[in-house]
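Got a structure for you, written out below as structure tokens; questions coming shortly.
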Amino acid sequence: MSAAFLKTATLTWGAFWSTVSAPRVLASLRLSFGASFVAAVVNAVFGLLVAWVLVRYRFPGQRVVDALVDLPFALPTAVAGIALTAVYAGNGWIGSQLEPLGIKVAFTPLGVIVALIFIGLPFVVRTVQPVLEELEPELEEAAATLGANRLQTFTRVIFPAVGPALLTGFTLAFARAVGEYGSVIFIAGNMPMVSEIAPLLIITKLEQYDYTGATAIAVVMLVISFALLLLINLLQWWSGRRVGM
Amino acid sequence: MAALTLPLPAPMAARRRATAEPVLVRWLLIGVALAFLALFLLAPLAAVFTQAFRKGFQAYIAALTEPDALTAIRLTLLVAVIAVPANLVFGVSAAWAIAKFNFRGKAVLITLIDLPFAVSPVIAGLIYVLIFGLQGWLGPWLRDHDIQIIFAVPGIVLATIFVTFPFVARELIPLMQAQGKEEEEAARVLGASGWQIFWRVTLPNVKWGLLYGVILCNARAMGEFGAVSVVSGHVRGLTNTMPLHVEILYNEYNFAAAFAVASLLALLALVTLVLKSLVEWKARRQQGEVAVEFSGEQQS
């Protein structure tokens with residue numbers, strides 16, 4: 001870690017700034033953080049839904065589905081990458097259905113988001129699931145007794161209880177997505193300025209033996225990620241205090 | 001949960017409970033959740049296998065028995081055989097130190113263990129290049145002694161150990177902390193030596209958690225792509241692991257072969273999931289037994 005920072009220190013401030021503020025680098029950072037944010041939001045919504053369905057309902061094949069949620073943890077990212085590309089490309093199962101609608105997924109920023117949704121999903125499900133399981137039914141019964149309908153119970157009683165876990169899951173999914181490489185590069189198409197993610201740009205610079213340039217981007221990524229995680233932790237702490245009161 | 005299984009009187013059972021959703025909403029939610037999972041998880045998994053066999057079984061076997069593929073498989077196995085035991089030892093000792101002792105810098109150690117999860121694998125690889133690469137800190141010294149780490153097998157092993165480090169330790173720390181020190185102290189009082197305590201008390205108590213961590217560690221070790229890609233140098237038939245071999249074949253538009261090798265890794269993922277579910281089930285049952293014993297004691 002310190003190696004990365006020391007290596008950047010060998011750059012002058014001006015050189016560092018010109019590396020990092022190059023349009024191609026800025027575009028890749030914007031894509032990496034933007035797509036990760038969108039994917040983490042999608043995962044927060046659907047991850048909560050999946051966790052809810054797995055905890056609260058019984059349906060055939062449930063245990064298989066429960067195990068399948070961990071697939072993105074177990075499947076090597078390169079395999080996930082080429083598989084997603086095969087499915088979402090213009091001639092793939094889902095891609096061919098979307099193409100007539102004018103939606104292109106593979107080789108566009110949308111493809112980056114799809115790959116990041118894939119790898120981030122288990123983080124949300126697995127952090128929310130135990131909290132939902134531990135939730136005391138008495139609280140919901142009390143809400144129902146007091147005349148709340150199901151939706152009110154959910155928004156006023158259940159959601160606040162799982163909120164912190166959901167935020168944690170969101171954070172984990174987001175952090176993982178920002179650094180993700182293997183599953184993205186196949187489906188992204190990697191067009192500079194359009195669908196090129198920051199980790200790929202680091203590798204490109206490395207292959208050109210531009211070690212300082214690569215390190216500069218890495219340091220910017222680390223600093224932004226760290227700042228965002230700090231922000232989310234503060235948010236968590238603040239919301240925890242409010243609930244505590 | 002227990003409340004749900006209580007036999008309700010017939011008219012009550014027919015009516016909807018106040019703490020459950022209408023049947024229609026319930027099935028709608030299940031439907032949406034399953035559709036989402038099918039779209040994002042099941043479809044890619046199925047695609048791997050259908051694409052792998054697209055050119056027939058013969059082509060599939062040929063892609064797997066080709067010399068470069070065999071070297072890649074061998075290298076992946078070698079990396080896992082070194083990285084997993086190494087992290088088993090590191091992970092158990094780190095968890096043991098954190099859970100059973102108090103020392104200065106404990107919080108720092110816990111944060112350090114999480115570091116590989118927080119850092120992009122690409123950046124992890126980059127750090128190794130900066131340290132061991134030709135222009136790196138140890139580069140000149142390594143070159144003088146004719147040791148090659150980056151763009152060679154040792155670099156791949158090191159990068160894999162780094163990215164898979166947290167799995168065992170993170171699995172064990174909460175488990176060991178929850179179990180506390182009482183049993184070890186009892187063993188000590190009864191005259192057991194340090195090693196005896198470890199083998200007879202500590203290890204059996206955490207065996208399922210340990211197995212769980214090892215399974216996940218192994219899956220990641222065999223499948224790691226980003227970090228390994230940076231340090232391997234992509235020398236075909238020499239420093240290519242299976243995921244890197246998949247990438248090369250894919251970029252050569254040799255899709256059927258790429259998916260054939262990928263299908264082996266997907267199979268590994270499926271085995272991992274099955275083992276993981278089994279271990280979880282076993283661990284839960286063991287916990288259940290302990291809980292039952294415990295409540296039995298309290299009742300008597």
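Just so it is clear, the structure is predicted and the values come from calculations on it, not from any experiment. Letters A, B, ... are given to chains in the order of the sequence lines, protein chains preceding strands, and every chain is numbered from 1.
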Task: Under 4.5 Å from any heavy atom of chain A - which part of B/Val25 - done: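 Contact with chain A involves no heavy atom of B/Val25 at all.
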Task: A/Phe186 and B/Glu247: CA distance, side-chain angles, deciding distance, side chain to side chain contact (heavy atoms under 4.5 Å, CB included) verdict - done: CA-CA 9 Å; A/Phe186 296 101; B/Glu247 183 197 17; 3.7 Å; yes
TODO: Check whether B/Gln51 gets within reach of chain A through its side chain, its backbone, both or neither, counting any heavy atom under 4.5 Å.
DONE: side chain
Task: Nearest-0.5 Å distance, CG of residue A/Asp66 to CG of residue B/Leu273 - done: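 Answer rounded to 0.5 Å: 10.5 Å.
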Open item on the list: Any heavy-atom pair between the side chains of B/Arg26 and A/Phe59 that's under 4.5 Å?
Closed with: no
Task: Which atoms of B/Leu34 approach chain A - backbone, side chain, both or neither, heavy atom under 4.5 Å - done: side chain
Open item on the list: Taking every non-hydrogen pair under 4.5 Å, which of B/Leu41, B/Thr272, B/Val48 racks up the most with chain A?
Closed with: B/Leu41
Task: Max heavy-atom pair count under 4.5 Å with chain B, selected residue of A/Val87, A/Leu75, A/Leu71 - done: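 Top option by heavy-atom pairs under 4.5 Å: A/Leu71.
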Task: Spatial distance of atom CG (B/Leu130) from atom OG1 (A/Thr215) [nearest 0.5 Å] - done: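 If we round to the nearest 0.5 Å, B/Leu130:CG and A/Thr215:OG1 are 4.5 Å apart.
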- [ ] Give the ring-plane orientation class for B/Phe36 versus A/Phe46, where under 30° counts as parallel, over 60° as perpendicular and anything between as tilted.
- [x] parallel
Open item on the list: I'd like to know which of A/Leu49, A/Val69, A/Ile82, A/Ile202 tops the heavy-atom pair count under 4.5 Å against chain B.
Closed with: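 Of the options given, most contacts go to A/Ile82.
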- [ ] Heavy-atom pairs under 4.5 Å with chain B are the metric here; pick the option from A/Tyr181, A/Tyr209, A/Phe226 that has the most.
- [x]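 When all of A/Tyr181, A/Tyr209, A/Phe226 are compared, A/Tyr181 has the most.
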Open item on the list: If you define the side chain from C-beta out and look only at heavy atoms, does anything of A/Leu68 sit under 4.5 Å from B/Leu45?
Closed with: yes
- [ ] Among A/Ile117, A/Val65, A/Thr77, single out the residue with the greatest number of heavy-atom pairs under 4.5 Å to chain B.
- [x] A/Ile117
Task: Which atoms of B/Leu37 approach chain A - backbone, side chain, both or neither, heavy atom under 4.5 Å - done: side chain
Task: Toward chain A, the part of B/Phe40 with a non-hydrogen atom under 4.5 Å - done: both
- [ ] Check each atom of B/Ser229 against the heavy atoms of chain A and say whether the ones under 4.5 Å are side chain, backbone, both or neither.
- [x] side chain
Task: Distance in Å, A/Asp70 CG paired with B/Glu280 CD, rounded so as to fall on 0.5 Å steps - done: 7.0 Å
TODO: Would you sort out whether B/Leu39 and A/Tyr88 count as a side chain to side chain contact (heavy atoms under 4.5 Å, CB included), showing the intermediate values?
DONE: CA-CA 10 Å; B/Leu39 220 58; A/Tyr88 286 92; 3.7 Å; yes
Task: Heavy-atom pairs under 4.5 Å with chain B, option from A/Leu151, A/Leu121, A/Leu200 with the top count - done: A/Leu121
Task: Option passing side-chain contact (heavy atoms from CB on, under 4.5 Å) with B/Pro44 (candidates A/Thr85, A/Ile94, A/Leu84) - done: A/Leu84
Open item on the list: Checking A/Phe33 now: which residues fulfil side-chain contact (heavy atoms from CB on, under 4.5 Å) with it, not counting sequence neighbours?
Closed with: A/Leu29, A/Phe174, A/Val178, A/Ile224, A/Ser225, A/Leu228
TODO: Determine whether more than 12 heavy atoms belonging to other residues, nucleotides or ligands lie under 6.0 Å from atom CZ of B/Arg54.
DONE: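 More than 12 within 6.0 Å, yes.
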- [ ] Name the region of B/Ala124, side chain, backbone, both or neither, that has any atom closer than 4.5 Å to a heavy atom of chain A.
- [x] neither
Open item on the list: Set out, in order, the CA-CA distance, both residues' side-chain angles and the distance that settles side chain to side chain contact (heavy atoms under 4.5 Å, CB included) for A/Tyr57 and B/Glu21, then state yes or no.
Closed with: CA-CA 10 Å; A/Tyr57 306 145; B/Glu21 288 76 42; 2.6 Å; yes
